[in-house]
Enquirer: 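First the structure, then my questions, so here it is.
Within every chain, numbering begins at 1; the chains are lettered A, B, ... in the order of the sequence lines, protein sequences first and strands thereafter.
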There are 2 protein chains.
Amino acid sequence: MRSKIPDVVIRRLVTYLRILTDLDAGPDDYISSAEIGDLAAVNSAQVRKDLALFGEFGKQGVGYPILGLRNELIEILGADRQMNIGIVGVGELGTALARYLTSRKETTPNYRFVVKGLFDVDPDKVGTEIDGVPVRHLHELEQVMASNEIKIGVIAVPAQAAQDVVNYAISKGIKGFLNFAPVRIKVPSHVRIQNSDVTSDLQELGFYL
Amino acid sequence: MRSKIPDVVIRRLVTYLRILTDLDAGPDDYISSAEIGDLAAVNSAQVRKDLALFGEFGKQGVGYPILGLRNELIEILGADRQMNIGIVGVGELGTALARYLTSRKETTPNYRFVVKGLFDVDPDKVGTEIDGVPVRHLHELEQVMASNEIKIGVIAVPAQAAQDVVNYAISKGIKGFLNFAPVRIKVPSHVRIQNSDVTSDLQELGFYL
């Protein structure tokens, strides 16, 4: 099942989950596919089609029970599992990401992403710490990973270093990456990489201005 | 025309443009819809449908001329217009974004996004500068905006301050925002806001791990 769902559907399910979580609803609150679509910038037929892939959650004329649907989405997405993260590159961006994720963990109940490792190659950075997490040399990746069950590598190194860093992390067993370096990174098919690209976000916005 | 194209199509066009730009192609290089789809994680029929909205660019059995299609996408997206940016909030994230955009401007030919204003309310930050751009008090937004033709506000303030900052910026005439605060911000219909949400990126990635 998991591998058959198209990526674009997964992305929309994540958006629906965020919307439902933001709503702060009570046990008797319902939402229509039109309302979800409105908040997600998707048409209501698409919302119904996406959710119907996983069963019949909605009631005709009433909509979806917000908490029930949220829990279903959490289950579908596996969004109740803690997932430990290692950030490679603790320059300004890496530091900002580490602090951001740590503060989300503190302020959001059940926030599942936990920064367990920070890595750099700069001797001035190795040995320092950020919000209690020590910065280790990249060569300690395998050891730190194993003892902390790190599943996701966040790449916050300069563009020219990104491919090498990802290759190295893959060789040490990391299978999922969130890449902030402004470069397209090649990975084998068993590895998953997600790009977070400020320029693409700005390009999309710029179209409307 | 501009307002009739669905948002999801625009997002895909931005992805196609990035892919074509990354390819570093020569004048005789072609690409098939299957190859574009493969790089964009979209099926080839969708690629053909998206591009057909704007005319017949491809040749049967040969594909699309890479440079020609790239130029068409630049035109459709208006991606050749310089667009000036103001960043509100120069904490770690705002500082990282400012430096990132400035370095992209220096290393990427025709990079269109230019940081022209930095804003904060912290007296320790106002008066400092980042890569030559002075940090001004948020109350100077209107004046700095007007003299620098700032079109996009990048929101890098804490979640609890984000809505107020956006309201203020809208009242001063900004119509486009890229929001990094982990909160859903309400804007009137003539204003466009794009959310960049690390947690959603991680959620999507986590599904596959």
Enquirer: First locate atom CG of B:Leu67, then atom CD1 of B:Ile31, and finally report the distance between them rounded to the nearest 0.5 Å.
Expert: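 Rounded to the nearest 0.5 Å, the CG-CD1 separation comes out at 11.0 Å.
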
Enquirer: Atom CZ of B:Phe180 and atom CD of B:Gln194: how far apart are they, to the nearest 0.5 Å?
Expert: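 With rounding to 0.5 Å, CZ (B:Phe180) is 9.5 Å from CD (B:Gln194).
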
Enquirer: How about residues 17-26 of chain B versus chain A: which residues have heavy atoms under 4.5 Å apart?
Expert: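 Within residues 17-26 of chain B, the residues that come under 4.5 Å of chain A (heavy atoms only) are B:Leu17, B:Arg18, B:Ile19, B:Asp22.
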
Enquirer: Do B:Tyr64 and B:Arg70 come close enough that some side-chain heavy atom pair is under 4.5 Å?
Expert: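 B:Tyr64 vs B:Arg70: side chains apart.
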
Enquirer: Under a 4.5 Å cutoff for heavy-atom pairs, which residue among A:Leu93, A:Thr199, A:Thr95, A:Val8 has the most contacts with chain B?
Expert: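 Of the candidates given, the most pairs with chain B belong to A:Thr199.
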
Enquirer: Roughly how far apart are A:Met145 CE and A:Lys151 NZ, rounded to 0.5 Å?
Expert: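 It is 8.0 Å, given to the nearest 0.5 Å.
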
Enquirer: In Å, rounded to the nearest 0.5 Å, how long is the span from CD of A:Gln203 to CZ of B:Phe113?
Expert: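 Going from CD on A:Gln203 over to CZ on B:Phe113, the span is 4.0 Å.
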
Enquirer: Count the heavy-atom pairs under 4.5 Å between each of A:Thr15, A:Leu13, A:Asp197, A:Asn195 and chain B, then report the option with the highest count.
Expert: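 When all of A:Thr15, A:Leu13, A:Asp197, A:Asn195 are compared, A:Asp197 has the most.
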
Enquirer: Contact part of B:Ser103 toward chain A, heavy-atom cut-off under 4.5 Å: side chain, backbone, both or neither?
Expert: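 For B:Ser103, no heavy atom lies under 4.5 Å from chain A.
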
Enquirer: Look at the side chain of B:Asp120 and the backbone N and O of B:Val90, then say whether any donor-acceptor pair between them is shorter than 3.5 Å.
Expert: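 Yes, the answer is positive, given that a donor and an acceptor are paired below the 3.5 Å cut-off.
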
Enquirer: With only heavy atoms counted, which part of B:Phe177 is less than 4.5 Å from chain A, the side chain, the backbone, both or neither?
Expert: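 The backbone, not the side chain.
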
Enquirer: For the pair A:Asp201 and B:Arg11, find out whether any cationic side-chain nitrogen is under 4.0 Å from an anionic carboxylate oxygen.
Expert: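 Judged by the 4.0 Å cut-off on N to carboxylate O distance, A:Asp201 and B:Arg11 do form a salt bridge.
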
Enquirer: Can you tell me which portion of B:Ile85 sits under 4.5 Å from chain A's heavy atoms? Options are side chain, backbone, both or neither.
Expert: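 Looking at B:Ile85, just its side chain touches chain A.
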
Enquirer: Any side-chain donor-acceptor pair under 3.5 Å between A:Glu75 and A:Asn71?
Expert: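 On atom types as modelled, these side chains do not qualify, holding no pair under 3.5 Å.
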
